[in-house]
Trainee: 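Structure provided below as C-alpha cells; questions to follow.
Below, all heavy atoms of this structure are taken into account, side chains as well, without hydrogens, waters or symmetry copies. When a residue number appears, it is its place in the shown sequence, counting from 1. Order of listing sets the numbers, starting from 1, for every ligand and every atom in it.
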Amino acid sequence: MAEHFIDCMNAKELIISKKIRLMEGVYVFDLAMPETLPFIPGQFVVLMVAPKIFRSYSLVAINDTTMTLLIDVRVGGPASQFFEACEPGDTLQLIGKALGKFTVKESDRPKVFIATGTGLAPFVPMVKQLLDQDAQANVQLFFGSRHMKDAYCDSFFEGYIDAEKHPNFKVFNCISRPEGDMKENYYDGRVTNVIPAQLEECGSQDFYLCGNPQMVDDIQAILKEKGATDNVHTEKYG
Ligand SMILES: Cc1cc2nc3c(=O)[nH]c(=O)nc-3n(C[C@H](O)[C@H](O)[C@H](O)COP(=O)(O)OP(=O)(O)OC[C@H]3O[C@@H](n4cnc5c(N)ncnc54)[C@H](O)[C@@H]3O)c2cc1C
C-alpha cells in the first residue's frame, strides 16, 4: 500500500455521475474525472471512499473523462456502505494512476476468462481489446451466478461488444441454483462444475481468473488437474 500513500499527493476528485443497479447489491457507476486516465485493460484504480479508507477497483472502461466501475456492495465494509448510500453528485478521491499487471499476455493461444460476481469487471476491456485486435479471436468467458435473473454478463457486455460480429466469442453462464428451463448459453452448475465438463484439457489456452479468492483458488486447482501450468493469470478481490 506504500505506493498508494505516496500517490495521495496526487489525489483527484471524482464525481459520481451515474449509478445503475444491475441486481440486488451490484451497481455500475460512472465517475466524472477532471481529466482522462490512461490504462491498460485489466488494471485497477485505488479510491479513497472516506478519510484514510482506500479500496481497489478494476476498470471496466474509461471514456474520455468518464470512468466506469462495477461494484458489489454486499461485502458490507466501509467501501460497500459508501457505494450503497451514495448518489449522483457525491464525490470521492482517485489516488494516483491505474495500477496492476493483470493484463492480456500476448500469445496465439485461445483465451479463457473465468469470473464470478464483479470479477467480471476487468474482463470487459480485456475481451474488447482482444476482439478489437482480431474480430475472429477465440475467446471463452465463464460467468458464475446463483440465479438466472442475476446472470447479467450478456447484457452488461452488450454495451461494449457486439457479440454478433464475433462468432468465436462464447459466453457460458453457469447457474448454481437454476429455476425453470435453461436458456441458450446457460449451464446448470457452479463454474467449478461447468468448466471441467466443457474443457477437455487446459494446457493449450491462456486462462484469466478474477474475483472471490476462494473461487480463484478452486478453479486454479481444477485447471492444474487438467494440465494447466504457467498459463493461468489471476486477480483476487480479497
Ligand atoms: C485489485 C483489486 C480489484 C478489485 N476490483 C473490484 C471491483 O471491480 N469491484 C468490486 O466490487 N470489488 C473489487 N475489489 C474489492 C474492493 O477493493 C473492496 O474490497 C470491496 O468493495 C469491499 O470493500 P469494503 O470496504 O466494503 O469491505 P473490505 O473491508 O474491503 O472487505 C471485507 C472483507 O471482504 C473481502 N472481500 C472484498 N471483496 C470481496 C469479494 N468481491 N468477494 C469476497 N471477499 C471479498 C476482503 O478481503 C475483506 O476480508 C477489488 C479488490 C482488489 C484487490
Side-chain angles (χ1 to χ4, degrees), residues 1-5 7-8 14 16 18-31 33 37 39-63 66-86 90 92-104 113-129 141-146 150 152-153 156-157 159-160 174 176 190-192 208-220 232-238:
M1 261 327 229
E3 193 178 357
H4 308 153
F5 283 107
D7 265 353
C8 277
L14 303 178
I16 294 172
K18 218 188 254 178
K19 176 179 179 180
I20 299 168
R21 183 184 178 279
L22 279 191
M23 60 171 272
E24 178 81 45
V26 179
Y27 297 90
V28 182
F29 288 94
D30 277 354
L31 306 170
M33 302 181 280
L37 182 78
F39 86 110
I40 304 170
Q43 287 190 311
F44 64 91
V45 284
V46 176
L47 304 181
M48 187 169 78
V49 295
K52 296 187 185 161
I53 305 283
F54 302 91
R55 293 291 183 271
S56 304
Y57 293 96
S58 302
L59 287 158
V60 172
I62 288 187
N63 201 340
T66 301
M67 167 191 298
T68 302
L69 304 176
L70 174 65
I71 299 183
D72 187 338
V73 303
R74 292 170 300 172
V75 174
S80 301
Q81 288 164 29
F82 169 83
F83 283 111
E84 182 152 42
C86 72
D90 290 348
L92 63 164
Q93 302 292 316
L94 166 66
I95 306 300
K97 52 191 184 179
L99 300 169
K101 295 190 167 67
F102 184 66
T103 54
V104 177
F113 294 85
I114 304 168
T116 52
T118 50
L120 190 65
F123 294 167
V124 172
M126 292 168 91
V127 170
K128 186 168 160 35
Q129 177 188 22
L141 169 60
F142 291 83
F143 180 61
S145 308
R146 204 169 279 182
D150 298 336
Y152 54 77
C153 179
F156 189 53
F157 260 76
Y160 299 93
C174 312
S176 61
R190 292 168 178 268
V191 276
T192 42
Y208 295 86
L209 280 50
C210 184
N212 179 310
Q214 188 61 55
M215 180 284 289
V216 171
D217 288 345
D218 291 350
I219 299 283
Q220 223 170 344
V232 182
H233 310 282
T234 63
E235 184 87 290
K236 292 182 180 179
Y237 279 1

Trainee: Given Phe143, which partner from the list Phe156, Phe157, Tyr152, Phe123 fulfils the ring pair (Phe, Tyr, Trp, His ring centres under 6.0 Å) test?
Mentor: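 Among Phe156, Phe157, Tyr152, Phe123, the one that satisfies the ring pair (Phe, Tyr, Trp, His ring centres under 6.0 Å) with Phe143 is Tyr152.
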Trainee: Look only at the side chain of Lys19 and the backbone of Glu84, and say whether a donor-acceptor pair between them is shorter than 3.5 Å.
Mentor: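 At least one qualifying donor-acceptor pair exists.
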Trainee: Assess whether atom NZ of Lys128 is packed by more than 12 heavy atoms of other residues, nucleotides or ligands within 6.0 Å.
Mentor: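 No, because the 6.0 Å sphere around NZ of Lys128 holds 12 heavy atoms or fewer from other groups.
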Trainee: Answer yes or no: is there a side-chain heavy-atom contact under 4.5 Å between Glu235 and Phe44?
Mentor: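 Yes, at least one pair of side-chain atoms sits under 4.5 Å.
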Trainee: Does any donor atom in the side chain of Ser58 or Tyr237 lie under 3.5 Å from an acceptor atom in the other side chain?
Mentor: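 A donor-acceptor contact under 3.5 Å links the two side chains.
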Trainee: Once you restrict both partners to nitrogen or oxygen, which atoms of ligand 1 have a protein partner under 3.5 Å, and how far apart are they?
Mentor:
from, atom 1, to, atom 2, distance (Å)
ligand 1, 5 (N), Ser58, N, 3.1
ligand 1, 5 (N), Ser58, OG, 3.4
ligand 1, 5 (N), Tyr237, OH, 3.4
ligand 1, 8 (O), Ser58, N, 3.2
ligand 1, 8 (O), Tyr237, OH, 3.3
ligand 1, 9 (N), Leu70, O, 2.8
ligand 1, 11 (O), Asp72, N, 2.9
ligand 1, 11 (O), Thr118, OG1, 3.2
ligand 1, 14 (N), Ser56, O, 3.3
ligand 1, 17 (O), Ser56, N, 3.3
ligand 1, 17 (O), Ser56, O, 2.7
ligand 1, 21 (O), Tyr57, OH, 2.6
ligand 1, 25 (O), Arg55, NE, 2.8
ligand 1, 25 (O), Arg55, NH2, 3.2
ligand 1, 25 (O), Pro78, N, 3.3
ligand 1, 25 (O), Ala79, N, 2.8
ligand 1, 26 (O), Gly77, N, 2.9
ligand 1, 26 (O), Gly77, O, 3.3
ligand 1, 26 (O), Ser80, N, 2.9
ligand 1, 26 (O), Ser80, OG, 2.4
ligand 1, 29 (O), Arg55, NH2, 3.1
ligand 1, 30 (O), Arg55, NE, 2.8

Trainee: Checking Asp72 now: which residues fulfil side-chain contact (heavy atoms from CB on, under 4.5 Å) with it, not counting sequence neighbours?
Mentor: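 side-chain contact (heavy atoms from CB on, under 4.5 Å) check on Asp72 returns Val26, Arg74, Thr118.
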